[in-house]
Amino acid sequence: MLHTDTSVPAGPSTAAVHAGEARQKPGFAITDPIFAASTYTFASTQSIIDFIEQDQPREEYGRYGNPGERVVERKLAALEGGEEAVLFASGMGALVGLLMAHLNAGDEIVFFDECYHRSREFCRKHLTRFGVGFREVPTCDYAAMEAAITPRTKFIVSESPTNPHLSVVDIERFADIGRRRGVLSLIDATLCTPFNLRPLEAGVDFVLHSATKYLGGHNDLLAGVVVGSLEKLAPVRQLRGIMGGINSPHNAYLLERGLKTLALRMERHNANGLAVARFLESHPRVERVLYPGLESHPFHAVAARTMRGCGGLVTFFIKDADWRQTAAVIDAVRIPRIGPSLGGVESLIEQPLVMSYWNYTPAERAAFRIPDNMIRLACGIEDSGDLVADLAQALG
Ligand SMILES: *Cc1c(COP(=O)(O)O)cnc(C)c1O
């Protein structure tokens with residue numbers, strides 16, 4: 001069977017199309033079927049006993065797995081170069097499942113502080129209720145991360161690139177801290193995808209994605225995944241069977257279909273992100289652009305060394321604009337749709353102040369570094385010339 005063995009070397013485009021799938025499928029179909037089943041039956045009492053005693057690879061009850069999501073898990077494991085992947089119903093489901101499976105009362109967890117605010121909220125508000133300690137240190141301050149690690153620390157966590165500031169973590173340095181200090185390391189790689197960066201190769205223990213974004217890629221599903229070693233993911237799979245945060249067979253098929261074009265889409269997201277960032281940087285109404293592919297970005301060197309491309313997310317600031325003048329630029333664009341999320345074929349634009357921080361005090365916004373004139377543009381896969389022309393008219 002071609003590429004169902006995750007050790008088979010294959011480029012990202014080939015892996016996206018073929019990995020994880022059986023060569024021959026039911027009905028001689030080229031595509032995988034959607035088995036719309038909540039339960040799976042046995043021919044006899046003896047076949048149940050054989051299933052249990054021989055640990056046979058088949059389905060039993062839908063909360064523990066379905067054939068379609070297993071295909072997606074194998075495909076994602078192959079794309080990341082990992083042994084195992086566990087799929088969840090959302091990115092947050094994956095994060096909660098991973099941390100709950102590995103942390104005990106008395107353990108501590110250290111985050112870089114630009115990580116997704118809901119991830120940190122889960123730790124700060126909820127894990128602490130179970131006696132897990134939570135610390136945050138400034139993003140990419142490796143000395144601060146080392147200093148925050150105590151004998152009780154079990155996990156270090158970062159995203160890369162971060163959102164919306166697009167800081168790029170030196171993945172080898174991060175993995176090295178985990179290895180030397182004997183703590184598990186986790187990278188939320190939602191913004192880079194395995195096309196642009198493969199954190200497991202650098203020695204990180206777990207890679208997590210909101211598959212809602214680039215992996216699904218069409219703004220039509222929610223899903224999440226954790227990739228790593230079989231051994232370290234065994235308790236995560238077990239807990240998922242209890243939590244129930246699994247994808248339906250229909251959702252898993254949508255994700256499988258979306259993943260087929262991951263490499264093609266990422267090439268375009270990378271190209272559009274760079275073209276739009278370069279245009280914005282040259283525009284007189286734009287004060288500053290954050291995009292790791294630009295030489296002006298503080299983490300450009302790390303990005304150039306470690307990433308194939310920098311994705312579609314571009315953050316920029318309108319010169320001398322208050323929040324209303326910034327909103328007027330957003331309201332004037334015609335191609336990007338106004339809304340949260342990123343990574344789909346349709347470009348999305350938003351003002352973080354309004355979309356995510358409206359109920360925060362000015363002091364809190366300053367602490368999060370969310371100024372009133374900040375715009376986040378998630379470039380889709382439209383023609384870059386059209387996106388640039390649209391931004392030019394909106395700024396003009
Ligand atoms: C969207 C997102 C999440 C949460 O994923 P959901 O699928 O919305 O639960 C986590 N991390 C990052 C970086 C994200 O962009």
Side-chain angles (χ1 to χ4, degrees), residues 69 72 76 80 85-100 109 111-124 126-127 136 139-140 155 157-169 171 174 186-197 199 204 206-227 236 240 243-248 251-252 254-255 258-259 266 269 273 290 292 307 310-315 339-344 346-350 352 355-357 368 370 376-380:
E69 60 98 32
V72 175
L76 287 167
E80 285 289 358
V86 182
L87 201 63
F88 283 84
S90 69
M92 284 310 297
L95 181 93
V96 170
L98 171 64
L99 296 184
M100 292 296 279
I109 181 166
F111 268 68
F112 273 153
D113 64 356
E114 287 174 12
C115 287
Y116 183 52
H117 65 287
R118 297 292 180 209
S119 304
R120 289 178 293 124
E121 182 180 344
F122 168 66
C123 298
R124 190 173 52 247
H126 300 283
L127 278 182
E136 292 176 86
T139 299
C140 295
F155 258 103
V157 185
S158 187
E159 240 160 80
S160 191
T162 63
N163 175 8
H165 297 97
L166 298 168
S167 303
V168 180
V169 171
I171 205 76
F174 181 78
L186 163 63
I187 288 285
D188 177 338
T190 299
L191 265 66
C192 56
T193 80
F195 185 77
N196 283 336
L197 182 76
V204 165
F206 299 102
V207 175
L208 184 142
H209 292 277
S210 167
T212 312
K213 316 292 169 52
Y214 290 112
L215 300 184
H218 293 73
N219 289 324
D220 59 0
L221 64 85
L222 283 108
V225 68
V226 193
V227 191
V236 178
R240 191 196 62 175
M243 280 170 65
I246 194 173
N247 283 276
S248 72
N251 206 54
L254 265 188
L255 179 52
L259 277 169
M266 289 314 297
H269 284 295
L290 292 176
M307 293 172 69
C310 295
L313 204 73
V314 181
T315 299
S341 201
L342 63 110
E346 297 94 355
S347 291
L348 287 164
I349 195 165
E350 60 151 286
M355 189 63 76
S356 306
Y357 295 90
F368 284 111
I370 305 292
R376 196 190 85 167
L377 171 60
C379 296

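Every number for a ligand or one of its atoms is a count from 1 in the order of the listing. Residue numbers start at 1 and run along the sequence shown.
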Is it the case that over 12 heavy atoms from other parts of the model lie below 6.0 angstrom from the CZ atom of Arg118? no
Test of proximity, Ser119 against ligand 1: N or O pairs below 3.5 Å: no
Side-chain (Glu159) to main-chain (Thr190) donor-acceptor, under 3.5 angstrom: no
What about Thr212: any of its N or O atoms under 3.5 Å from an N or O on ligand 1? yes
Which is it for Arg118 and ligand 1 at heavy atoms under 4.0 Å: side chain, backbone, both or neither? neither
Measure from the side-chain N and O atoms of Ser347 to the backbone N and O of Cys379, and report whether any donor-acceptor pair falls under 3.5 Å. no
Taking atom 2 (C) of ligand 1 as the reference point, the nearest protein heavy atom with its distance: Lys213 NZ, 2.5 Å
Using atom types as modelled and distance alone, determine if a side-chain donor or acceptor of Ser210 lies under 3.5 Å from a backbone N or O of Gly224. no
Consider every N or O of Leu342 and every N or O of ligand 1, then say whether any pair is closer than 3.5 Å. no
Is Asn163 in polar range of ligand 1, meaning some N or O pair under 3.5 Å apart? no
Which is it for Ala223 and ligand 1 at heavy atoms under 4.0 Å: side chain, backbone, both or neither? backbone
Is the backbone of Gly312 close enough, under 3.5 Å, to the side chain of Tyr214 for a donor and an acceptor to pair up by distance? yes
My understanding is that we take every heavy atom of each candidate and find the minimum distance to atom 8 (O) of ligand 1. Doing that for Ala94, Gly343, Gly216, Ser210, which one comes out nearest? Ser210
For Gly97, is there any backbone N or O sitting under 3.5 Å from a side-chain donor or acceptor partner on Arg240? no
Cys192 versus Met307, closest heavy-atom pair with distance: CB-CE, 3.9 Å
Tell me: protein heavy atom nearest atom 9 (O) of ligand 1, and distance? Met92 N, 2.8 Å
Please determine if Gly93 has a nitrogen or oxygen closer than 3.5 Å to a nitrogen or oxygen of ligand 1. no
Identity and distance of the protein heavy atom lying nearest atom 4 (C) of ligand 1: Tyr116 CE2, 3.6 Å
Counting distance only, does the side-chain N/O of Thr315 pair as donor-acceptor with the main-chain N or O of Pro164 below 3.5 Å? yes
Distance under 4.0 Å to a non-hydrogen atom of Asp188: what atoms of ligand 1 satisfy this? 10 (C), 11 (N), 12 (C), 13 (C)
